[in-house]
Amino acid sequence: MITNQELANLIFPNVTETVEDLEKEFPKRQLPEGAEVTRFAPSPTGFLHTGSLFTSLICRKVATQTRGVFFVRLEDTDTKREIQGSGEELLEQLKIFNIVPDEGYMGNSQKGNYGPYVQSQRADIYRAVIKHLIILGKAYPCFCTPHDLNEIRARQESAKLVPGYYGQFAKCRFLTNEERATRLLAGEPFVIRFKSSGNHIRKIRVHDLVHGTFEIAQNDQDIVIYKSDGLPTYHFAHVVDDHFMKTTTVIRGEEWIASLPIHLELFEALGWKAPLYAHLPVIMKLDENGNRRKLSKRLDSEAAVSYFLQDGYPSEALIMYLMTIANSNFEEWIFLHHFEKMEDFIFSFNKMSLDGALFDIGKLNFFAREILAKKTKEEIYDMAVAYADKYQPKLLEVIKRSPSYFMEIMNIEREKENPRKDYEKFGDLLSSINFFYDDFYQDLLKGPLPFNERFNKQTISRVLIALKEQLPFAVDEQTWFASMKNIGITLGFAPNGKTYKNDPDKYLGSIGDVAEMLRIALTGRKNSPNLYYVMKVLTKERCDKRIEQIISSF
RNA sequence: GGUCCCAUGGUCAAGAGGUUAAGACGAGACCCUCUCAAGGUCUAAUCCCGAGUUCGAUUCUCGGUGGGAUCACCA
């Protein structure tokens, strides 16, 4: 007769640490009343997902608000899917969004007393707990091959039964310890399964911070907790880690609700108190058939946080947008606070909507414009340089030609009550300001200029020559504009659009046409910020040269 | 398919047993105007369906429908 203890020793001969030892090693945290311990637990399988940013944002917020702890744990038990370096990348990207963990995995180091925070370094801990479960008779080795498993599944499907490894189908749970030992000794590959005592006919009540209380079927699957590669599965690692790391609130995506009964049963089997759970709605996207689906990293560029970084969105804009999804009262709050100090907003789980929001890039753009409009020219400069340095060398080169010139450009109609709101991301900055730079301006001249065809070249020349005499370098905006108007009138243009429309035969055009000629001559395009300021920034020398060049090209 | 979650304009959504059913983004119109952006004013647009409870249901209950998530030695 082989006891569970003997079986456990046979499987894990070198594991001497017990669960009690571990409990001593990881005592209760000393934290203020009401402090919550949250965690973000990504797998290093690629770049940061927008949904993960959302989750980690809320984890950070909840911990900060309650003076608790937010830590990061790297879930790298799937060695096949692991992408080298992506753990560090994840951390870096979180930092860009001001989401910095208090402890845990920090990229190249680890911080805190509840580690290690990388699952592949916790093998001894998992083994100790599994050994404990085997001794308790709540876990057993399973020798079923993928082939066996497929067979079971096929039988269940044809009999229209719930698929899986449970009850009578869990063949290996009925093996005697002698049989187990014999096969183990023979070197048969195995996994360890949890011996479920649940029944899916029975329901359990579960509590969720977002969804409230609801009923769900008990788990009855003998899930794998220890893989043949010696690493735990997610379910088991979650329970063990969040227990020993003293997580109070597990905040994760809604896709985990279905496996909640497994986790709860595991906690119970180990005699541990389960944490609070908050299952967040997933961010959705409309597919080509008009159906909603979860943002997919493979199909949707906006699923990867790096997409927004590459485009040069201000990081605050994405966070602000995500906060509107997180809490329905946030938007009103941030309007009231003029898009500032969003860290002062108090997040609450019950202000969270229950169905996943469609990702709305238009709304993100709106926040981005608001945020950039609020920045000073110095801030814009710093942000632009940081962006360009990483993603757009050409932009960096242009900015560095003269930081002060760049700042003047960016400062047009900025320092006022209602600043311009035409920039939303740095990715398209260069194309909107390039005409301020002579080399780009010359490139623009290579194409046809968008002069109104109603006017011939003589007329345009006459207008430009006259205006050139009155460029606004010694006068204020009103004075200059009045003088442009006068020049226009002298040359046969109506003082405003209305006058022209009422009597189109009497005039060559309106003052708008005059301004347009000048604008095209100076900028190569029909739209630009206020001409007065554009000219000021360009300097008299440049304006003169450009006008002369246009006239002589006719 | 089983199980669970969800359901107010195009999107994000507030809302209470009786409301003209907020607000924001977006769209459209007008004003301002040298164009654009901004700003101002205005407009259009929503309670999934069916029963039940009730004097009264978009709100409560049930059923349907629709959408989503999940059913691995992945997390």
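Protein chains get the first letters and strands the later ones, always in sequence-line order, with residue 1 at the start of each.
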Please classify the nucleic acid contact of [X] as base, sugar-phosphate, or nothing, using heavy-atom distances under 4.0 Å.
{"X": "A:N365", "value": "nothing"}
{"X": "A:R252", "value": "nothing"}
{"X": "A:E82", "value": "nothing"}
{"X": "A:E215", "value": "sugar-phosphate"}
{"X": "A:Y226", "value": "nothing"}
{"X": "A:K526", "value": "base"}
{"X": "A:K285", "value": "nothing"}

What integer distance in Å separates [X]:[atom1] from [N]:[atom2]?
{"X": "A:Q156", "N": "B:A72", "atom1": "CD", "atom2": "P", "value": "10 Å"}
{"X": "A:K80", "N": "B:C73", "atom1": "NZ", "atom2": "P", "value": "10 Å"}
{"X": "A:Y532", "N": "B:U35", "atom1": "OH", "atom2": "P", "value": "18 Å"}
{"X": "A:L354", "N": "B:U8", "atom1": "CG", "atom2": "C1'", "value": "14 Å"}
{"X": "A:E255", "N": "B:U70", "atom1": "CD", "atom2": "C1'", "value": "9 Å"}
{"X": "A:L364", "N": "B:G26", "atom1": "CG", "atom2": "C1'", "value": "14 Å"}

**OP:** Sugar-phosphate atoms are those with a prime plus P, OP1 and OP2; base atoms are the rest. Using that split, label each nucleotide of nucleotides 11-16 of chain B B, S or - for protein heavy atoms under 4.0 Å, 5' to 3'.
**Re:** SBSS--
**OP:** Between protein and nucleotides 28-33 of chain B, map the contacts as a letter string: B base, S sugar-phosphate only, - none, heavy atoms under 4.0 Å, written 5' to 3'.
**Re:** ----S-
Original post:
So, the side chain of A:H49 versus the backbone of A:G51: is there a donor-acceptor pair under 3.5 Å, distance only?
Top reply: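 Yes: the side chain of A:H49 pairs with the backbone of A:G51.
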**OP:** Identify whether NZ of Lys or CZ of Arg in A:R525 sits under 6.0 Å from the centre of the six-membered ring of A:F435 and within 45° of that ring's axis.
**Re:**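 The answer is no; the distance or angle limit is not met.
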Original post:
With a cut-off of under 6.0 Å to the ring centre and 45° to the axis, is A:R183 in cation-pi contact with A:F190?
Top reply: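 Here A:R183 fails the 6.0 Å and 45° test against A:F190.
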**OP:** Check whether any side-chain N or O of A:T77 sits under 4.0 Å from OP1 or OP2 of B:A75, and answer yes or no.
**Re:**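 Indeed, a polar side-chain atom of A:T77 lies that close.
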**OP:** Report yes or no: do A:D428 and A:Y423 form a side-chain donor-acceptor pair below 3.5 Å?
**Re:**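 Checked: A:D428/A:Y423 side chains show no N/O donor-acceptor pair below 3.5 Å.
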Subject >> Distance-only donor-acceptor check, side chains A:T45 and A:R81, under 3.5 Å >> reply: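 On atom types as modelled, these side chains do not qualify, holding no pair under 3.5 Å.
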**OP:** Tell me whether the centres of the aromatic rings in A:Y321 and A:F359 are closer together than 6.0 Å.
**Re:**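 Centroid distance A:Y321-A:F359: below 6.0 Å, so yes.
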